[in-house]
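So the structure is just underneath, and the comments pick up after that.
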Amino acid sequence: MRLSILAFGQVAEITGSAFSFDHVSDTDALKLSLEKAFPALQYVRYTMAVDKTTITANTFLKENAVVALLPPFSGG
Amino acid sequence: MHKPKDIFIEGAIPPAMIADSIAKHQTKTEIGAHSIFLGQVRKDVINEQQVAAIEYTTYKDMALEKMHEIREEIFAKYPLTCMHIYHSLGIVNAGEICLFVFTSSAHRKEAIDACEEVVNRIKAELPVWGKEIFENESYQWKQNK
């Protein structure tokens, strides 16, 4: 199974804005894999949202989850 | 859940749209006070470069769900008659309007307090990103203070 990843702002400049990625069990594992695939990610600030909900702790990833990589918001 | 209301418009918010929006409230005669916040793109000078425009992007599905949640909470907290919110996407030039928040109530305190809280929550909680584009076409990612 694959995860759908969406990236925005400064993070999208590193990873591209939408791609699929090998499924991993949780968001901590995903962060490690992403930072291995895109080393520049280690140097930018971002949080994750799983299926449109911002997470604050390690979160289990269901099959087909959509994970968004969100740099600090700067609307308005 | 029904589809949340879209708040995004492409490009700058035209001043005429703001005037029309005010005029539409003349029929709602229970209103005694309107509070309006307008965000305008500031020509900041950073490292001797002037900001020419901000380009806004969003994670729209998430932003609209979050905005819906904020709207429900604000209506639960303040006795508002109505509330309208518009945020720009894409390029907005310095001097143009990029955010329009409009709250109305019977008395001014509720409209003013609700307007302030909505603006703060939009800036802190909506997945929207601004890229400040300088006059020499270089850019930096905006940071909210």
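Ranking B:Leu126, B:Val41, B:Ile54, B:Thr58 against chain A, the residue ahead of the rest is B:Leu126, based on heavy-atom pairs under 4.5 Å. Considering only heavy-atom pairs separated by less than 4.5 Å from chain A, the leading option among B:Lys66, B:Glu125, B:Lys131 is B:Glu125. Per-residue heavy-atom pair counts under 4.5 Å with chain A were compared for B:Leu99, B:Asp61, B:Thr57, B:Val101, and the maximum is reached by B:Asp61.
Put simply, the side chain of B:Met17 reaches to within 4.5 Å of the side chain of B:Pro14, judged on heavy atoms.
Contact annotation for A:Leu70: both backbone and side-chain heavy atoms come within less than 4.5 Å of a heavy atom of chain B. Heavy atoms of B:Tyr139 lying under 4.5 Å from chain A belong exclusively to its side chain. Looking at B:Tyr59, the atoms closer than 4.5 Å to chain A (heavy atoms on both sides) sit in the backbone and in the side chain alike. With a threshold of 4.5 angstrom between heavy atoms, B:Ala124 approaches chain A through N, CA, C or O but not through any side-chain atom. Residue B:Ser88 does not touch chain A at all, counting heavy-atom pairs closer than 4.5 Å.
Looking at A:Ser4, its side chain never comes within 3.5 Å of a backbone N or O of A:Val66 through a donor-acceptor pair.
Ring geometry for B:Trp129 versus A:Phe8: interplanar angle under 30°, hence parallel rather than tilted (30 to 60°). Relative ring orientation between B:Phe102 and B:His84 is described as tilted, the plane-to-plane angle lying within the 30° to 60° band.
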Point to revise | Verdict with reasoning, B:Asn144 to A:Ser74, per side chain to side chain donor-acceptor pair (under 3.5 Å) | key: CA-CA 5 Å; B:Asn144 276 359; A:Ser74 56; 5.1 Å; no

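Counting heavy-atom neighbours within 6.0 Å of B:Asp20 CG, excluding the residue itself, gives a total above 12.
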